[in-house]
Visitor: 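I'd like to ask you about the structure that follows.
Residues: numbered from 1 along the sequence shown. Since this is a predicted model, take the numbers as computed values, not measurements.
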Amino acid sequence: TENMRRPFGRRAFSAAAILAALWLAGAGLVFAQTETPADADDEGYFNSNEAGKPVAQDPATPAPAPANTGPALNDPEIDALFAEELEAAPDGEGSSIERKPAPGAEEFPGGTRMGNLLNFIDAGGRTYALDILAAVDMVGEWDNEEPRTTRNQFEPREVEVGFFADIDQLAQGVVMIAGHNEGGEFFFELHEAYFIFPRFFLPGLSARAGNMFFDVGALNSTHRHDWKFTQAPVVHEELLDEEAAEDTGLELSYLMPWPFYQELTVGVFNGKTFGHTHVEGPDKNNPLYTAHLTTFVPLSDRWGTQFGFSYLRWHPTEEPNKVTHQYGYDLLIRWANGKLGEFQILTEGWYRETREKNERRFDDPATPIETRAGLYVFTEYRFHPQWSVGYRYDYFTNPNFEDRNGVRQVKNGIEQNSIMVTYYPSEFSYFRATAERETILELGENNYQFYLQADFIIGQHPPHKY
């Protein structure tokens, strides 16, 4: 037994020593980079005049290259680890990983170094470095109504941290953690955590598996800090969620083999709850199903349109005979002229009905227990690279609404009109002011709300679909 322990102990000690050396080297690198130089001349950016004040260096005089303060990354033990990885690859010729130095990168055995970062890129162009995103969404809301319809204060609405990376040659990984304000109390929770399989058995087929925002409609799969308006449309908030309907399950997306872009996405999820919640929910008879068919048509070099149709089916309660069906459409028309201007029209509508399933299969459909319907139309014109103006119309109603006397009341629900102005200092931040009028149709009452929004993003942000 002692003879078996000794080799294992040496290997464990060697691995621990390598990890400790890497950690200490990284800590030393951070300290070396953040240390303030004693003489500004060493940086090569300024020279001093007789008065001792820094002056701009003559452009004709090249600045001396800064000394490489990073650790020596060609340590024989590290190179040996990379060599073992390459030899163990199932490629038959060493490894499926092709080391490609980026422009300006320094190549060394097993990888490349650009500045002080390791960047490994395989033959497919995937990088195995971890991309990290942090997004902060701050909103101020005010009104002058009695009773109040807003919180009348400025506060962080949501803070989101995301991690994105290629896991291996088969899959990518996404983790999104969010802290959000609910009635003055801040909750931290998991927003999304899922695998992405870009190639899933068949050509054109991809998959997502895990906890995710449903790929339905135009807005549900987009996080709130990327919206073009401050508040969720009424129909989205009422029939999906304040930000997004989410659950844990599997989504398959198939890119049709047509000469134009068309993609069908279908999903199956746990279905114990619907929308955003902090409880697990009861067991249901069947899971939740989703479907979204999307088509993109380029109208010209500057004009394009995308439209889609969505469907969801789930059990709203534990009763197996009660089923909810939800149908939706989404349409986007966009014009872009580079940085000189951009214009878009976005509209989305949903209809929901909950029915009791017939006990006899061929009976006429039962009368819906609940119906809801609504839509919004949003238009935005970006007349300057840093400025845009927008307008949104919202309508939400209950088609089968009845008053206390059982009389059907056609005019009911909510109508909203919103105007907004947005300033973009860069692609990583924006400031938005919104004025909104909300009308309660059955009462004929108007409420007015005002919003100020300030958002910024740091780190690597993944691209969104068109």
Side-chain angles (χ1 to χ4, degrees), residues 149 213-222 224 227 229 231-247 267 269 271-277 281 284 286-293 307-331 346-358 365-378 392-418 436-445 447:
T149 57
F213 291 1
F214 302 154
D215 185 356
V216 293
L219 205 60
N220 195 75
S221 58
T222 304
R224 185 158 46 185
W227 290 357
F229 28 77
Q231 298 296 105
V234 180
V235 65
H236 181 91
E237 183 173 353
E238 294 289 339
L239 299 188
L240 289 169
D241 196 77
E242 185 178 354
E243 181 172 9
E246 59 177 288
D247 204 345
F269 299 88
K272 293 184 177 182
T273 60
F274 186 83
H276 174 76
T277 180
K284 304 287 183 66
N286 292 295
L288 182 150
Y289 301 101
T290 67
H292 188 201
L293 179 65
F307 56 91
F309 302 95
S310 301
Y311 171 72
L312 299 92
R313 180 192 185 276
W314 74 97
H315 292 283
T317 67
E318 298 175 75
E319 300 178 34
N321 291 331
K322 185 177 291 186
V323 181
T324 298
H325 303 269
Q326 188 161 314
Y327 312 87
Y329 78 89
D330 55 274
L331 172 65
L346 173 65
T347 179
E348 182 177 5
W350 289 97
Y351 171 77
R352 174 193 290 182
E353 64 176 27
T354 301
R355 295 176 180 267
E356 295 276 4
K357 294 173 64 177
N358 293 328
T367 302
I369 302 173
E370 176 192 43
T371 59
R372 298 287 188 273
L375 59 84
Y376 68 89
V377 180
F378 170 73
R392 195 184 77 201
Y393 171 79
D394 289 55
Y395 177 72
F396 182 76
T397 186
N398 178 357
N400 293 329
F401 180 77
E402 295 180 351
D403 61 17
R404 296 177 180 178
N405 300 321
V407 178
R408 186 174 178 181
Q409 190 170 347
V410 177
K411 190 176 181 180
N412 70 87
I414 298 173
E415 188 177 66
Q416 281 186 356
N417 290 271
S418 308
E436 177 183 283
R437 186 187 72 177
E438 180 181 81
T439 303
I440 310 299
L441 295 177
E442 57 264 35
L443 301 178
E445 294 181 354
N447 298 319

Visitor: Apply side chain to side chain contact (heavy atoms under 4.5 Å, CB included) to residues His292 and Thr290 and explain how you reach the verdict.
Guide: CA-CA 7 Å; His292 188 201; Thr290 67; over 6 Å; no

Visitor: Do the rings of Trp227 and Phe229 sit parallel, tilted or perpendicular, given the 30° and 60° boundaries?
Guide: tilted

Visitor: Please check: side-chain N/O of Asn398 versus main-chain N/O of Asn412, any donor-acceptor pairing under 3.5 Å?
Guide: no

Visitor: Is there a donor-acceptor contact under 3.5 Å from the side chain of Glu348 to the main chain of Gly217?
Guide: no

Visitor: Is there a side-chain contact between His325 and Tyr351, using heavy atoms and a 4.5 Å cut-off?
Guide: no

Visitor: List the atom of Pro316, the atom of Thr354, and the distance in Å for their closest heavy-atom pair.
Guide: CG-CG2, 4.0 Å

Visitor: What verdict does the side chain to side chain contact (heavy atoms under 4.5 Å, CB included) test give for Asn286 and Lys284, after you've listed the backbone C-alpha separation in whole Å, the side-chain angles of each residue and the deciding distance to 0.1 Å?
Guide: CA-CA 6 Å; Asn286 292 295; Lys284 304 287 183 66; over 6 Å; no

Visitor: Between Gln326 and Leu239, is there a donor-acceptor pair closer than 3.5 Å when you use the side chain of the first and the backbone of the second?
Guide: yes

Visitor: Rounded to the nearest 0.5 Å, what separates atom CG in Leu240 from atom CZ in Phe213?
Guide: 11.5 Å

Visitor: Atom NZ of Lys272 and atom CG of Asp247: how far apart are they, to the nearest 0.5 Å?
Guide: 9.5 Å

Visitor: Counting distance only, does the side-chain N/O of Asn220 pair as donor-acceptor with the main-chain N or O of Ala245 below 3.5 Å?
Guide: yes

Visitor: Using distance alone, with no hydrogens and no angle criterion, decide if Thr347 and Asp330 have a side-chain donor and acceptor under 3.5 Å apart.
Guide: no

Visitor: When you measure from the side chain of Glu442 to the backbone N and O of Gly413, does any donor-acceptor pair fall under 3.5 Å?
Guide: yes

Visitor: Are the side chains of Leu219 and Tyr376 in touch, meaning some heavy atoms are under 4.5 Å apart?
Guide: yes

Visitor: If you round to the nearest 0.5 Å, how far is CZ of Phe309 from CG of Leu331?
Guide: 9.0 Å

Visitor: Could you state the interatomic distance from NZ (Lys322) to CD (Glu370), rounded to the nearest 0.5 Å?
Guide: 9.0 Å

Visitor: Any heavy-atom pair between the side chains of Glu242 and Arg224 that's under 4.5 Å?
Guide: yes

Visitor: Tell me whether Glu238 is salt-bridged to Arg352, with the criterion being a basic N under 4.0 Å from an acidic carboxylate O.
Guide: no

Visitor: Within the side chain of Asn400, is there an N or O that forms a donor-acceptor pair under 3.5 Å with the backbone of Thr371?
Guide: no

Visitor: Check the pair Phe274 / Leu312 against side chain to side chain contact (heavy atoms under 4.5 Å, CB included), numbers first and verdict last.
Guide: CA-CA 11 Å; Phe274 186 83; Leu312 299 92; 3.9 Å; yes

Visitor: I'd like to know whether Phe396 forms a side chain to side chain contact (heavy atoms under 4.5 Å, CB included) with Leu375, so could you lay out the CA-CA distance, the side-chain angles of the two residues, the decisive distance to 0.1 Å, and finally the verdict.
Guide: CA-CA 7 Å; Phe396 182 76; Leu375 59 84; over 6 Å; no

Visitor: Would you compute the distance between atom NE2 of His236 and atom CG of Asp241 and round it to the nearest 0.5 angstrom?
Guide: 7.0 Å

Visitor: How far does CD of Glu438 sit from CD of Glu445, to the nearest 0.5 angstrom?
Guide: 10.5 Å

Visitor: Could you tell me if the side chain of His315 sits less than 4.5 Å from the side chain of Val323, heavy atoms only?
Guide: yes

Visitor: For Tyr327 together with Tyr311, are the ring centres under 6.0 Å from each other?
Guide: yes

